[in-house]
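Down below is the structure, laid out as structure tokens.
Note: hydrogens, waters and symmetry copies are ignored here, and every other heavy atom, side chains too, is used. Heads up: numbering here begins at 1 and tracks the sequence. We count ligands from 1, going down the list as the structure has it; atoms in each ligand are counted the same way.
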Amino acid sequence: MLNNKLEEALNKQINAEFWSAYLYLSMSLNFENAGLTGIANWFKIQFQEEQAHAQIFMDYVNKRGGRVELQPIDAVPTKWDTPLSAFEDTLKHEKVVTSLINNLFALAEEVRDYASRDRIMWFVTEQVEEEDSANTLIEKLRRVGNDGMGLYLIDQELATRTYTAPAPLSGE
Ligand code: FEO
């Protein structure tokens with residue numbers, strides 16, 4: 001059985017993952033409207049990944065005999081004037097998520113739940129990727145500045161991103 005405090009924290013994290021999904025869906029819609037369909041695609045994949053993160057936690061809580069209680073998802077921003085501002089917000093948000101994941105990891109250790117600690121470890125590694133990909137895109141966008149052709153090429157590149165189910169969901 002899951003420790004009560006940890007079960008509550010995992011439920012909060014499930015809500016946070018859905019909030020992340022909602023945030024990236026909002027960014028995707030924003031850029032779809034702006035005609036930057038490659039960037040919209042990148043955020044749509046991000047939306048799918050965040051739902052997968054929530055699913056991993058939900059599966060885990062269920063497997064451990066815990067109870068998932070879905071809570072309301074807070075409102076998200078709806079407007080970004082530039083791709084750069086959206087990716088800056090992405091990085092800022094992912095840094096917050098990293099600290100949430102680190103706190104969860106510490107709590108699992110505190111209550112000596114090593115199975116949970118192992119599950120959470122996957123997210124610790126995932127957060128390195130999340131921050132790195134946002135950082136890389138911020139650097140690219142800063143480099144192109146106001147160059148329309150540069151932005152066009154980045155949009156083309158991000159159109160190629162496809163969704164792959166994360167390892168814990170694909171049974172790896
Ligand atoms: Fe669920 Fe973007 O981390």
**Asked** Does a side-chain heavy-atom distance below 4.5 Å link L100 with L104?
**Response** no

**Complete:** The atom of E130 among N, O or S that is nearest atom 2 (Fe) of ligand 1 is OE2

**Message:** If I consider every N, O or S atom in E94, which one ends up closest to atom 2 (Fe) of ligand 1? I only need its name.
**Reply:** OE2

**Message:** Working to 10°, measure the angle at atom 1 (Fe) of ligand 1 formed by atom OE1 of E17 and atom ND1 of H53.
**Reply:** 100°

**Asked** In E50, which N, O or S atom comes closest to atom 2 (Fe) of ligand 1?
**Response** OE2

**Request:** Mark yes when over 12 heavy atoms from residues, nucleotides or ligands other than E109 sit less than 6.0 Å from its CD; otherwise mark no.
**Result:** yes

**Request:** Check each of Y22, W19, F87 against H93 using the ring pair (Phe, Tyr, Trp, His ring centres under 6.0 Å) test, and report the only one that passes.
**Result:** W19

**Request:** Examine the side chains of E17 and Q13 and answer whether a donor and an acceptor come within less than 3.5 Å of each other.
**Result:** yes

**Asked** Got an N, O or S from E126 under 2.8 Å of atom 2 (Fe) of ligand 1?
**Response** no

**Message:** Checking Y24 against T90: is there a side-chain donor and acceptor pair closer than 3.5 Å?
**Reply:** no

